[in-house]
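Computed over heavy atoms, backbone and side chain alike; hydrogens, waters and symmetry mates excluded. Just so we're on the same page: letters track the sequence lines, and every chain starts at 1.
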2 protein chains.
Amino acid sequence: MKIDEIIQKMNQENFNSLIILKPENIAYVTGFKPSSISVLILKEEPLLLSSKLDLEEAHQKSHLPVEEFKSLDKLKKSLKESNPGKMGVEHSMTVGIYQKFCGDFQVELTDLIEQFRAIKSADEAKKIKGAIRIAENSFENLDFSVTEDNLAAQLEYNMRSAGSPSPSFETIVASGSRSSLPHATTTSRKVGSPVMIDWGALYQNYASDITRTIIHSEEQEEIFSIVLEAQKKAIETIKPGVKASYIDKVARNVIEEYGYGDNFIHSTGHGVGLEVHEKPSLSVRSDEKLRKGMVVTVEPGIYLEGKFGVRIEDMVLIKNRAKVLTSHPRKIIA
Amino acid sequence: MKIDEIIQKMNQENFNSLIILKPENIAYVTGFKPSSISVLILKEEPLLLSSKLDLEEAHQKSHLPVEEFKSLDKLKKSLKESNPGKMGVEHSMTVGIYQKFCGDFQVELTDLIEQFRAIKSADEAKKIKGAIRIAENSFENLDFSVTEDNLAAQLEYNMRSAGSPSPSFETIVASGSRSSLPHATTTSRKVGSPVMIDWGALYQNYASDITRTIIHSEEQEEIFSIVLEAQKKAIETIKPGVKASYIDKVARNVIEEYGYGDNFIHSTGHGVGLEVHEKPSLSVRSDEKLRKGMVVTVEPGIYLEGKFGVRIEDMVLIKNRAKVLTSHPRKIIA
């Protein structure tokens with residue numbers, strides 16, 4: 001049982017309790033993802049406190065006991081009475097809540113739950129594959145002779161109809177010279193060339209994240225080949241035990257060799273699970289090692305300011321080597 | 001100029017600088033809403049630090065000077081050298097960043113920017129009206145003989161095509177007995193009766209938020225009339241100077257008189273602007289007073305667990321009285 005492993009790890013790190021507020025962490029431990037403030041107290045007898053708004057649904061879905069959340073003051077009072085010892089709180093807790101809540105306790109920041117989340121169980125991998133299938137199926141039969149806004153609308157309509165409650169992040173449709181903006185939002189202009197589409201779905205709270213760049217000219221194809229080579233080398237290098245930063249280095253080296261080092265302006269990838277960006281980070285600054293069960297994106301890109309950009313992003317599950325989970329063809333010429 | 005007023009207010013409160021990380025606050029001050037980490041330093045000579053990912057767009061859109069954000073460590077070092085005096089930081093800053101960043105400074109939490117944001121300028125009100133028009137136009141000509149998922153997909157397709165980069169929050173389509181869950185997500189079941197739809201769009205970063213409940217039976221109509229009466233009384237009571245908590249009380253009193261006090265399980269409304277939930281809160285615990293220029297929702301509801309629920313939500317701009325901005329008919333019988 002997941003909860004037993006978490007409690008065991010807490011004991012090893014001398015935490016008497018954990019106070020969990022991040023919805024994705026609560027979803028990981030309880031199976032219920034709250035829509036408004038909820039507090040999960042992890043200790044020998046764990047308890048989820050949910051706001052009235054969520055209470056009925058929390059009772060239906062949570063594996064752990066649920067009670068109504070009244071206020072931070074009341075929670076603080078009852079925690080004090082129970083003598084909570086060393087309490088762990090999340091890095092993502094806001095300093096507003098931290099200052100109000102934590103003054104009287106012995107508190108330490110911890111990413112204990114995020115560490116568990118980095119390694120996916122078979123069941124979690126299945127949900128991620130579900131999110132990939134929804135995203136990939138939604139990419140079929142799109143009408144490209146429209147505006148960027150409308151192309152994104154079609155894609156999101158397909159994902160929503162297939163049960164994804166929202167895109168896993170704001171869909172990027174960046175075409176023509178705007179494809180050189182890695183995080184461009186869509187515009188009301190007609191889709192130009194090349195067109196970079198970065199999109200993902202949610203399935204049972206788990207995310208997917210894919211990018212395809214549809215190319216047209218020879219110049220675009222040349223850049224595309226470099227990005228593809230960088231992606232392939234990075235994927236081939238992935239295995240348990242390798243440093244996450246090394247994967248970034250491998251992809252970056254390929255792009256640097258062709259003289260485009262300054263045009264690869266983001267990291268090579270990131271973990272995906274209950275959040276679309278989570279541990280590990282495949283970046284130069286990462287100090288993590290890859291481990292079996294991690295799911296990461298591999299997404300090198302080259303951005304030529306004022307001209308165009310190309311990014312290719314796939315998702316892999318780390319087993320003995322990288323197993324590519326995404327299946328949509330990378331090279332699309334239109 | 002907004003920035004001058006902010007600097008003046010900072011001086012009054014003895015802040016030598018403000019460190020702003022919240023994307024909506026950065027959007028408010030600079031006109032540019034970042035998609036990845038950015039830090040706005042407000043002082044006599046304000047500066048926006050944007051990550052490489054956003055840099056090109058930040059240069060295009062920000063009213064304030066932009067430089068590249070390198071790392072928190074570098075920022076900390078340069079701030080130290082400039083002797084920043086009393087620094088204000090947001091309540092929403094994560095404790096992870098707070099502990100890493102703030103140790104060596106004289107720091108105080110402040111909601112100074114949020115206070116400015118609560119009062120909308122004419123230009124902001126116009127953008128909010130734009131977000132309302134997109135949401136309302138998108139509600140026309142929907143096909144209801146589908147699943148909840150698909151009904152939400154239609155609505156969101158229409159908003160996305162009209163330029164809303166995402167819904168302003170996850171669209172709620174809760175029908176049949178699920179309408180008694182105020183924050184229900186959608187399901188793959190066919191739309192039943194009644195159907196509660198809570199949706200909103202974004203326009204130039206500003207949000208809208210509307211709820212309609214389409215009723216069918218006499219029992220539903222009876223509950224609907226009570227909710228409508230509560231909403232009308234609350235709206236009539238709104239004017240500058242009145243306590244926000246009093247508006248909640250007025251709506252709650254009506255519902256209590258009919259014996260449904262325990263079934264109105266959320267607050268009466270909230271401010272809407274760059275965020276879909278912002279100051280002021282129309283709730284029993286609020287200590288704010290209504291002021292000219294605020295934009296709030298008024299959204300009482302009655303939730304009969306296991307049976308059905310009704311909520312009616314409109315948006316008003318506070319002038320000498322409440323000016324209702326939403327125009328879609330409240331009563332829809334199907």
Side-chain angles (χ1 to χ4, degrees), chain A residues 33-36 51-57 60 71 89-100 102 107 109 111 146-147 149-150 152-167 169-172 178 180-188 265-266 277 285 303 305-306, chain B residues 33-36 51-57 60 71 89-100 102 107 109 111 146-147 149-150 152-167 169-172 178 180-188 265-266 277 285 303 305-306:
Chain A
K33 188 171 176 186
S35 72
S36 51
S51 79
K52 227 174 183 175
L53 273 177
D54 278 329
L55 205 53
E56 195 178 332
E57 210 165 353
Q60 288 165 16
S71 74
V89 302
E90 299 153 304
H91 291 261
S92 56
M93 181 183 264
T94 67
V95 61
I97 291 182
Y98 182 83
Q99 289 199 349
K100 202 173 159 185
C102 294
V107 169
L109 298 195
D111 56 4
V146 293
T147 63
D149 286 335
N150 185 266
Q154 292 175 52
L155 199 42
E156 293 178 359
Y157 173 87
N158 293 345
M159 296 196 287
R160 189 51 148 131
S161 297
S164 174
S166 72
F169 57 92
E170 194 177 312
T171 303
I172 294 170
R178 290 185 67 262
S180 75
L181 302 170
H183 274 195
T185 46
T186 60
T187 70
S188 57
I265 57 179
H266 54 71
H277 289 105
R285 279 189 210 148
Y303 307 91
E305 193 175 330
Chain B
K33 188 171 176 185
S35 72
S36 52
S51 79
K52 227 174 184 176
L53 272 178
D54 279 330
L55 205 53
E56 196 178 334
E57 211 165 354
Q60 288 166 15
S71 73
V89 302
E90 300 154 303
H91 292 262
S92 55
M93 181 184 263
T94 67
V95 61
I97 291 182
Y98 183 82
Q99 290 199 347
K100 199 171 162 187
C102 294
V107 168
L109 298 194
D111 56 4
V146 294
T147 63
D149 286 335
N150 185 265
Q154 291 176 52
L155 199 42
E156 292 178 359
Y157 173 86
N158 293 345
M159 294 196 288
R160 187 52 147 132
S161 297
S164 175
S166 71
F169 56 91
E170 194 178 311
T171 304
I172 295 171
R178 290 185 66 260
S180 76
L181 302 170
H183 275 193
T185 46
T186 61
T187 70
S188 58
I265 56 179
H266 53 70
H277 289 105
R285 276 188 212 151
Y303 306 91
E305 194 174 330

Close side-chain approach of B/Tyr157 and A/Asn150, heavy atoms under 4.5 Å = yes

ask   = Considering only heavy atoms, which portion of B/Ser51 lies under 4.5 Å from any heavy atom of chain A: side chain, backbone, both, or neither?
value = neither

task = Give the member of A/Glu56, A/Gln99, A/Lys52 that has the highest number of heavy-atom pairs under 4.5 Å with chain B.
result = A/Glu56

ask   = Taking B/Gln154, B/Glu57, B/His266, B/Glu156 one by one, which has the highest count of heavy-atom pairs under 4.5 Å against chain A?
value = B/Glu156

ask   = Can you say whether B/Ser35 sits under 4.5 Å from chain A via the side chain, the backbone, both, or neither, judging by heavy atoms?
value = both

ask   = Looking only at heavy atoms, which two atoms of A/Arg160 and B/Thr171 are closest? And how far apart?
value = NH2-O, 3.2 Å

inquiry  = Under 4.5 Å from any heavy atom of chain A, what part of B/Arg178 do you find: side chain, backbone, both or neither?
reply    = neither

remark   = The interface call for B/Thr187 against chain A, heavy-atom contacts under 4.5 Å, is neither

message = Side chains of B/Thr94 and A/Met93, heavy atoms from C-beta outward: is any pair under 4.5 Å?
response = no

remark   = Looking only at A/Ser71, A/Ser92, A/Ser166, most heavy-atom pairs under 4.5 Å shared with chain B are made by A/Ser92

Where A/Glu90 and B/Val95 come nearest, the two heavy atoms and their spacing = O-CG1, 3.5 Å

query = Is chain B contacted by the side chain of A/Ile265, its backbone, both, or neither, given a heavy-atom distance below 4.5 Å?
reply = both

request  = Please look at B/Leu53 and chain A and tell me whether the side chain, the backbone, both or neither of the residue comes under 4.5 angstrom of a heavy atom of that chain.
outcome  = both

remark   = Between the NZ atom in A/Lys33 and the OG1 atom in B/Thr185, the distance rounded to the nearest 0.5 Å is 10.5 Å

query = Is the CD atom of B/Glu305 crowded by more than 12 outside heavy atoms at less than 6.0 Å?
reply = no

message = Can you confirm whether the side chains of A/Ser161 and B/Asp149 place a donor and an acceptor under 3.5 Å from each other?
response = no

